[in-house]
Protein chains: 2
Amino acid sequence: MAKRTQGKPAGLSRQRIAAAAVDLVDRQGLESFGVRRLASELGVDPMSIYNHIKGKAALLDAVSEAVLTEVSATAAQWPDGWMDIARTMARGYRDMAIRHPRIFPLLATRAQTSVVAFEALERLTAAMRRAGIADQTIADAPLVLFGFLNGYLLATVSADPGGTDEPATGATQPAIDPALYPALAALAPLQAGFGGEAEFERMLETVLAGIAEGAAGAQAARSGRRPATAAGPTSDHSGG
Amino acid sequence: MAKRTQGKPAGLSRQRIAAAAVDLVDRQGLESFGVRRLASELGVDPMSIYNHIKGKAALLDAVSEAVLTEVSATAAQWPDGWMDIARTMARGYRDMAIRHPRIFPLLATRAQTSVVAFEALERLTAAMRRAGIADQTIADAPLVLFGFLNGYLLATVSADPGGTDEPATGATQPAIDPALYPALAALAPLQAGFGGEAEFERMLETVLAGIAEGAAGAQAARSGRRPATAAGPTSDHSGG
DNA sequence: AGGTATTACCTACGGTGTAGAATATAGGCC
DNA sequence: GGCCTATATTCTACACCGTAGGTAATACCT
């Protein structure tokens, strides 16, 4: 027998568990994260979590969903134009990545199947249809936009060395040897504003412009460039 | 006391271990990969691996390095122009991602500090300097290019559900409900050629064009659109 | 009140990464 | 040859992990 407190409610719920998990990963990183640590954080038996979330994979999904929900929530209201919607999403997504650098790899790595994720995609694609964009372009758009966002933000925001307990430093360069890599070394100081907001906005606009160009994306290059350098998209193009 | 075979050489080496690890992850996925499985694959005690590679993290680095080396190796020779260099790199990178879909998340997620990685960056940036590109643009270029490549290829090539033993299927969509997401459902059939080569080439050109635009990247947007919106990002940019 | 479903807990099993110590071989030196 | 040392390999052990299966206590419905 001994004293048991088994049936006593611990106030667990999917939401509360997810919130605690988000907090824990933020503080200690993905590496060391696990069911048992989380349970101990919640003052609860590890197996109790399984009553609300099926397993570790589902737990990670719940974490992803939680931070994605933040993104939707922080956007007070959504604009009408698809480009402005995309900008709002992208900025909110980046803000989230900055808030949760150690969680972000989850979003970039695992396929997102939560309702919030689908809602966001629906919102974007619906707006593009309203604008009369070609269907094929619309179908590609989320891939281009979030593909870029994921890759770019992974590189700039979450260069997580591992499980130690630090406030998540931003990518630390390991000092480039100028003898081996002269060009890289010369450019190193310019990467000070690595991942800065201005840079992000610039690249975001580039990507959006690329999407806007649609199937003829490569033409975006020609427009602003002198006609000498860049040529047609597929056939002959010479760099410099 | 009992037969021991301790000192007998097992022919281990960093290279051989890395090659076996690549093969193992290709077959069984990252999820189930580990020192012990790899050791058993090599017919060797788990701890023997530690004589050549410090730990699991270093093991994953070795795997990354091995597949990155493939990329460098498959490129018979490098062109002169930076754009063509970038194209060659991007295509080789994609080919590698397709060959090793279950390894690729490693490259996108972990910071690459191997020699091959630095050499590639050096090659690209050096060529851009030769072409007289603005330094700030050059400093951003690898981030833009590989940021995009990582994100895009993660989404298209490696939607790995987990540790089961399959030949790595390409992203399976879970059937979208047209009642909830009409626009998405309507576009779903168009994502048939998801991640196809033509699409990749198209987006690659878009990204390269964006880089070519340099600091004035946002202007690429204006070209096809109204000139009202975009403002100067940091200071003035030479593009004009 | 009684019955049932849910929630929480306990135990246990097979797996993991890896520190530390023991041991057999390879290679250099005499 | 004989010896010595460095190195590669293995063995043992520990703390930890995810989670299957079983048990008890509470909440809820009737």
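Proteins come first, then strands; the chains are lettered A, B, ... in the order of their sequence lines, and each starts at number 1.
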Could you tell me the separation between the CG atom of B/Leu42 and the P atom of D/dT9, rounded to a whole number of Å?
-> 10 Å
Examine the base of C/dG15 for any acceptor or donor lying under 3.5 Å from a partner atom in the side chain of B/Arg36, and report the outcome as yes or no.
-> no
Aromatic centroids of B/Phe200 and B/Tyr93 separated by under 6.0 Å | no
Donor-acceptor pair, A/Gln112 side chain versus A/Arg110 backbone, under 3.5 Å?
-> yes
List in chain and number order the residues that pass side chain to side chain donor-acceptor pair (under 3.5 Å) with B/Asp140, two or more places apart in sequence or in another chain; answer none if no residue qualifies.
-> A/Arg202, B/Gln136
In residues 45-53 of chain B, which residues come under 4.0 Å of DNA chain C by heavy atom?
-> B/Met47, B/Tyr50
Nucleotide D/dT7, atom P - distance to CZ of B/Arg14 in whole Å | 18 Å
Determine: side-chain N/O of A/Arg37 to OP1/OP2 of D/dC17, distance under 4.0 Å, yes or no.
-> yes
Return yes if some donor-acceptor pair links the side-chain N/O of B/Arg102 with the main-chain N/O of B/Arg27 below 3.5 Å, else return no.
-> yes
Tell me which residues in residues 57-65 of chain B put a heavy atom below 4.0 Å from DNA chain D, sorted by number, or none.
-> none
Send over the distance from A/Glu31 CD to C/dT16 P, rounded to a whole Å.
-> 17 Å
Roughly how many Å is it from CG in B/Leu12 to C1' in C/dT25, rounded to a whole number?
-> 14 Å
